[in-house]
Amino acid sequence: MSQVLPAATLEPDQQRRAAYLYTLFVAPCCWRQSVAVHRSEAALHVRTEIDGAVQAGRSDAEIKEALIQEYGHGILMNPEGIRGFVVYTVPYLALTVGLLLVIVWMKKRRYSTLVRDLPPFPMQNATGLPDVEFEEDFV
């Protein structure tokens, strides 16, 4: 993306497209805000690169690929591929597993409290039971 043109030369449709593209990328100075809202020199440079690429007629995919080549995958606001899976799925999985572990722990604790609070059960002696035989005619 060596060709850089000022944003004022963009037509209204190109300005809307460039504004949309600004929201797809993170400012490479702090990696926290999109270049659409960040007010740093680095964010301004990325916006200028996007404007130049839009003015040159490059597609969104070409612009995206060029910025990834220059800054790495960290430039994307929404990670793709396995990075996106890790960012968006792992926290929910960890939360679910944590909740299940807490539920299991609470049930075990409740059960042990109930068993501890039960009165002792008297064991009957098995030798004190009468020896009863059934007659076959009874059936």
Side-chain angles (χ1 to χ4, degrees):
M1 293 193 145
S2 59
Q3 189 179 25
V4 178
L5 299 174
T9 61
L10 295 177
E11 295 181 18
D13 288 344
Q14 291 175 328
Q15 287 177 355
R16 281 191 292 278
R17 182 171 164 231
Y20 165 72
L21 288 170
Y22 297 161
T23 64
L24 300 180
F25 302 102
V26 177
C29 58
C30 64
W31 304 103
R32 292 184 184 225
Q33 291 179 321
S34 76
V35 295
V37 296
H38 202 271
R39 299 292 173 220
S40 67
E41 190 70 31
L44 177 63
H45 179 71
V46 173
R47 285 194 301 268
T48 307
E49 287 185 56
I50 291 171
D51 291 344
V54 168
Q55 179 72 26
R58 293 197 178 109
S59 70
D60 292 356
E62 290 173 331
I63 296 170
K64 183 173 163 183
E65 188 59 37
L67 287 172
I68 289 172
Q69 287 290 338
E70 187 173 345
Y71 297 102
H73 284 279
I75 193 78
L76 297 174
M77 279 295 282
N78 295 315
E80 297 174 335
I82 190 69
R83 290 176 182 92
F85 174 78
V86 169
V87 167
Y88 295 117
T89 306
V90 169
Y92 291 114
L93 290 175
L95 179 65
T96 303
V97 168
L99 286 174
L100 288 174
L101 289 174
V102 167
I103 290 170
V104 167
W105 175 77
M106 289 175 67
K107 283 189 174 195
K108 281 185 177 182
R109 185 176 169 144
R110 182 175 179 216
Y111 177 76
S112 66
T113 304
L114 288 175
V115 169
R116 187 182 63 222
D117 292 343
L118 286 176
F121 185 72
M123 296 296 289
Q124 294 187 359
N125 189 356
T127 58
L129 296 176
D131 190 17
V132 178
E133 292 184 23
F134 294 101
E135 298 177 14
E136 291 183 24
D137 297 346
F138 185 68
V139 188

Q. Does a side-chain heavy-atom distance below 4.5 Å link H38 with C30?
A. yes

Q) How long is the gap from CZ on R47 to CG on D51, to the nearest 0.5 Å? A) 8.5 Å

Q: Just do the side chain to side chain contact (heavy atoms under 4.5 Å, CB included) check on H45 and E41 with the steps written out, would you?
A: CA-CA 6 Å; H45 179 71; E41 190 70 31; 5.9 Å; no

Q: State the CD1-CD1 distance between I75 and I68, to the nearest 0.5 angstrom.
A: 9.0 Å

Q. Any side-chain donor-acceptor pair under 3.5 Å between E11 and Q15?
A. no

Q. Any side-chain heavy-atom pair from V26 and V35 closer than 4.5 angstrom?
A. no

Q. Quick check: does any side chain N or O of T89 sit under 3.5 Å from a backbone N or O of V86, one acting as donor and the other as acceptor?
A. no

Q. Below 4.5 Å, heavy atoms only, C-beta onward: do K64 and L24 meet side chain to side chain?
A. no

Q. L99 pairs by side chain to side chain contact (heavy atoms under 4.5 Å, CB included) with which of L101, T96, L95?
A. L95

Q. Should E70 and V46 count as side-chain neighbours, where that means a heavy-atom distance under 4.5 Å?
A. no

Q) Out of curiosity, does V87 fall in the hydrophobic cluster containing M77 (side-chain heavy atoms, cut-off under 4.5 Å, transitive links)? A) no

Q) Within a radius of less than 6.0 Å around OH of Y88, do more than 12 heavy atoms belonging to other residues, nucleotides or ligands occur? A) yes

(Q) For S59 versus R17, what's the shortest heavy-atom pair and its separation? (A) C-NH2, 3.3 Å

Q. Between CG of N78 and OG of S34, what distance do you get to the nearest 0.5 Å?
A. 10.5 Å

(Q) If you compare all heavy atoms of T48 against all heavy atoms of L44, which two are closest, and at what distance to 0.1 Å? (A) OG1-O, 2.7 Å

Q | Closest non-hydrogen atom pair between L67 and I50, with its separation | A | CD1-CG1, 3.9 Å

Q: State yes or no: do V90 and I82 share one hydrophobic cluster built from I, L, V, M, F, W and Y residues joined by side-chain heavy-atom distances below 4.5 Å, directly or via other members?
A: yes

**Q.** Side chains of E49 and Y71, donor plus acceptor under 3.5 Å
**A.** yes

